[in-house]
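I'd like to ask some things about the structure below.
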2 protein chains.
Amino acid sequence: MSFSGPRSARLCCPPFDLPEFESLPSPTIKDVAKRSGVSLKTVSRVINREASVRTDTREKVERAIEALGYRPNPAARGLRSTHAYAIGLVYDNPNAHYVISMQEGVLSACRERGFGLQIHPCDSSAADLAEELSSLVSRSRLAGLVLAPPMSEQDELIATLKAQDICFVRIIASRDDPQDGSPCVYVDDRDAAYAITEHLIQLGHTRIGFLWGEPHHRSSPERYQGYSNAMKDYGITINKKFVLPGNYAFDDGFRRARKLLALKEPPTAIFGSNDEIAAGVLAAARSAGLDVPWDLSIAGFEDNPFSKQAWPALTTARQSTGEIGRHAALRLMDELQRKSNGADNTLANEGFTPELVVRGSTSPPRGSTPKKG
Amino acid sequence: MSFSGPRSARLCCPPFDLPEFESLPSPTIKDVAKRSGVSLKTVSRVINREASVRTDTREKVERAIEALGYRPNPAARGLRSTHAYAIGLVYDNPNAHYVISMQEGVLSACRERGFGLQIHPCDSSAADLAEELSSLVSRSRLAGLVLAPPMSEQDELIATLKAQDICFVRIIASRDDPQDGSPCVYVDDRDAAYAITEHLIQLGHTRIGFLWGEPHHRSSPERYQGYSNAMKDYGITINKKFVLPGNYAFDDGFRRARKLLALKEPPTAIFGSNDEIAAGVLAAARSAGLDVPWDLSIAGFEDNPFSKQAWPALTTARQSTGEIGRHAALRLMDELQRKSNGADNTLANEGFTPELVVRGSTSPPRGSTPKKG
DNA sequence: TGTCCTGTTGACAACGTTGTCATCCCTTCC
DNA sequence: GGAAGGGATGACAACGTTGTCAACAGGACA
């Protein structure tokens with residue numbers, strides 16, 4: 001039998017055979033088949049751990065693979081196969097730090113499992129997002145998607161993906177299971193918001209303002225719920241004037257804080273639904289000549305880097321975003337494996353709770369003594 | 001001519017033809033060829049920017065590509081071609097916003113040209129970084145690398161990559177050509193730092209402090225040079241006590257600012273080499289009870305999101321990081337194509353100059369009137 | 001007029017793998 | 001003894017693209 005094309009062609013080129021200067025072409029499935037005396041397809045079956053291969057055949061092939069140092073070619077697999085060897089990370093988040101941390105977590109999981117990672121920033125409000133993602137999956141041959149908020153919360157999008165049989169894992173700002181059996185990672189914003197509110201209450205505050213985030217983000221009602229539960233548990237009636245809707249942006253935090261501070265009896269503490277809002281509140285307090293935290297305590301959420309760099313630094317809730325991303329990716333890959341070969345090593349849906357971080361922007365209100373916890 | 005397999009096969013499956021529920025397969029080179037009335041190979045030539053295609057043919061094909069939304073399939077390319085069709089983006093930057101913007105720019109270029117993108121955060125001080133990158137290239141089949149600072153400035157690393165024949169483009173904080181013919185994108189930090197210093201001088205400041213960044217980052221001496229040139233051009237002698245070495249971190253900005261402010265005759269303005277440092281200066285000014293900008297003007301560099309959200313917002317220099325990344329990726333891919341098929345559409349090395357952004361943190365010093373520009 | 005370029009284009013095979021379907025052989029059951 | 005069933009294997013086409021080589025047109029040159 002003759003050598004296959006490329007190998008012999010190469011040997012023709014230099015005047016002498018200089019194997020140490022040649023980068024030998026990688027062995028292919030063909031070489032393995034030849035060496036082990038079986039067909040291409042059988043080798044393929046061994047590689048893919050399919051069931052119907054006799055043990056002695058399998059071992060024969062495995063020995064050949066070992067001996068040749070054969071590695072499957074991902075490009076060829078990706079081209080021909082319905083299965084894929086990469087996952088996508090889909091996000092639309094203005095918070096760069098959040099995104100970077102999540103990327104790192106997901107990437108570490110992918111490396112561990114030999115998967116590729118395709119990042120995909122997108123516009124969560126785009127009308128054809130479902131189409132965009134489905135074409136991303138087919139075009140880049142992705143095995144599945146990690147959906148960060150807010151994409152993870154768009155019911156219509158989720159339904160479309162499911163209908164198209166696209167595998168995904170969702171990162172959700174909630175502790176409630178969606179009850180649809182799809183893999184999720186929960187982030188319990190409600191509990192964390194409760195802890196922040198409790199912290200303010202224990203400092204002696206009762207007039208506590210709350211600035212909502214983007215109403216379409218699941219995190220917003222969750223954070224409000226935490227605030228409202230804490231207030232209720234401590235027997236404090238919420239002054240409706242202290243609770244304002246809006247969005248997650250600095251400017252809107254600034255605007256709303258000025259509104260609160262202009263009240264006849266303004267709040268002594270304001271809980272902004274994220275650090276951007278809280279930074280806006282801080283700016284508004286400054287521009288009103290207030291001394292933070294003594295005239296006004298301020299708390300945020302998310303632990304953006306600048307929350308540490310504001311003056312005073314912001315009390316906030318820290319999410320371990322990297323861990324969350326990592327876990328989500330592992331959860332997804334487990335799910336993929338389960339689907340493809342029925343392995344039952346499935347990770348459970350897991351929850352994370354952001355952790356209260358107390359910094360300089362919160363203190364007891366002027367002329368009051370802290371309550372006991 | 002008959003339809004190709006998959007399309008007609010799909011139409012057989014449901015009892016009725018329901019195109020709106022079908023996720024159409026992505027268009028292939030075949031579809032483009034059919035639509036533009038040329039052969040597969042000619043389309044391939046257009047995609048790969050080969051020289052020998054007549055202009056009207058090229059345009060015809062490009063119109064078809066546009067109309068169909070065609071994108072080359074990286075797996076198929078990678079399979080057939082000896083070349084790789086993905087590039088890597090290598091960074092080690094604590095500034096998340098910078099990284100995200102760069103990713104988006106690079107990604108947009110990659111999508112346009114049908115390249116894949118492998119992100120690769122790394123540790124710039126790792127001893128075996130060269131080895132890490134070279135194994136990244138071979139394992140992930142990358143055609144080349146976009147090197148962000150500070151990797152782009154490590155001479156030893158660059159030399160090793162070159163010796164291994166790894167193609168790369170560097171993003172460099174300088175306007176000087178490295179003179180080695182390797183592709184670069186320059187960012188003229190010197191000019192931008194000059195503009196910031198000039199702005200402070202024109203406000204009436206003469207006692208202007210300068211806080212260095214990381215000495216191993218090329219940007220640091222460049223920014224200092226801009227500061228020092230402006231001072232010289234305006235005939236102001238630099239007080240050596242006002243210039244302090246350090247690094248790009250908030251804490252170090254805080255520490256050094258306190259040192260400057262404790263001087264018998266402290267500066268009336270401080271130029272921090274980046275926004276982190278400037279934020280540290282702002283915090284130090286606050287903690288010293290100073291009124292910014294009247295008691296102390298502060299300028300930063302880089303236009304981090306939080307520079308807009310500080311109170312007062314920071315005067316700084318804005319880099320169009322996305323554009324820089326995009327251009328770097330295009331430059332790299334042009335270089336790759338030039339190497340492989342002699343296309344001569346090579347982009348020149350291009351330079352970007354960050355733009356002065358004046359905000360609330362700079363004003364004339366107390367009791368002085370601004371000079372004329 | 002014929003020959004030789006040179007620039008432009010197309011036909012076809014090939015890349016390494018997997019999906020589909022067919023084949024073969026060995027049981028098991030009536 | 002024959003049919004039916006199922007496990008193991010192989011032949012072949014297909015995935016979407018690019019490399020190779022050949023063909024063709026038009027111009028320059030002898």
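Heavy atoms only: backbone and side chains are in, while hydrogens, waters and symmetry mates are out. To find a chain, count down the sequence lines: A is the first, B the second, and so on, and within it residues start at 1.
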Starting at the 5' end of DNA chain C, which residue's closest nucleotide do you reach first, B:Asp56 or A:Val43? B:Asp56
Whole angstroms only, please: what is the NZ-C1' distance between A:Lys30 and C:dT17? 12 Å
Nucleotide D:dC24, atom P - distance to CZ of B:Arg54 in whole Å: 17 Å
Counting C-beta onward and ignoring hydrogens, is there a side-chain heavy-atom pair between A:Leu157 and A:Leu129 closer than 4.5 Å? yes
Integer-rounded Å distance: D:dA13 C1' and A:Leu40 CG: 13 Å
Kindly point out which of D:dG10, C:dT17, D:dT17 is positioned nearest to the side chain of B:Arg77? D:dT17
Rounded to the nearest 0.5 Å, how far does CG of A:Leu161 lie from CG of A:Leu145? 6.5 Å
Look at all strands and tell whether A:Ser52 reaches a base, only sugar-phosphate, or nothing, counting heavy atoms closer than 4.0 Å. base
Heavy atoms from C-beta onward define the side chain here; which of C:dT9, C:dG10, D:dT18 lies closest to that of B:Ile29? D:dT18
Can you name the nearest heavy-atom pair linking A:Tyr91 to A:Ala148, along with the distance? CB-CB, 4.1 Å
Heavy atoms only: give me the nearest B:Ile87-B:Val106 pair and the separation to one decimal. CD1-CG1, 4.3 Å
If I take atom CZ in residue A:Arg45 and atom P in nucleotide D:dA8, what distance separates them, rounded to the nearest angstrom? 10 Å
With respect to the side chain of A:Ser44, which nucleotide from C:dG10, C:dT18, D:dG16 is positioned closest? C:dT18
In whole angstrom, give the distance that lies between atom CD1 of B:Ile47 and atom C1' of D:dT18. 10 Å
D:dT9, C:dT17, C:dT9: which one has an atom nearest the side-chain heavy atoms of A:Tyr70? C:dT17
Report the distance from atom NZ of A:Lys60 to atom P of D:dA8, rounded to the nearest whole Å. 14 Å
Check whether any side-chain nitrogen or oxygen of A:Ser39 sits under 4.0 Å from OP1 or OP2 of D:dG10, and answer yes or no. yes
When you compare the side chain of B:Phe168 with that of B:Leu133, does any pair of heavy atoms fall below 4.5 Å? no
With distance as the sole criterion, do the side chain of B:Arg80 and the base of D:dT18 form a donor-acceptor contact below 3.5 Å? yes
Determine: side-chain N/O of B:Thr57 to OP1/OP2 of C:dT8, distance under 4.0 Å, yes or no. no
Rounding to a whole Å, what distance do you find between A:Lys34:NZ and D:dG10:C1'? 17 Å
Figure out the CG/P separation between B:Asn48 and D:dG16, and round it to whole Å. 17 Å
Indicate, yes or no, whether a donor-acceptor pair under 3.5 Å links the base of C:dG19 to the side chain of A:Lys41. yes
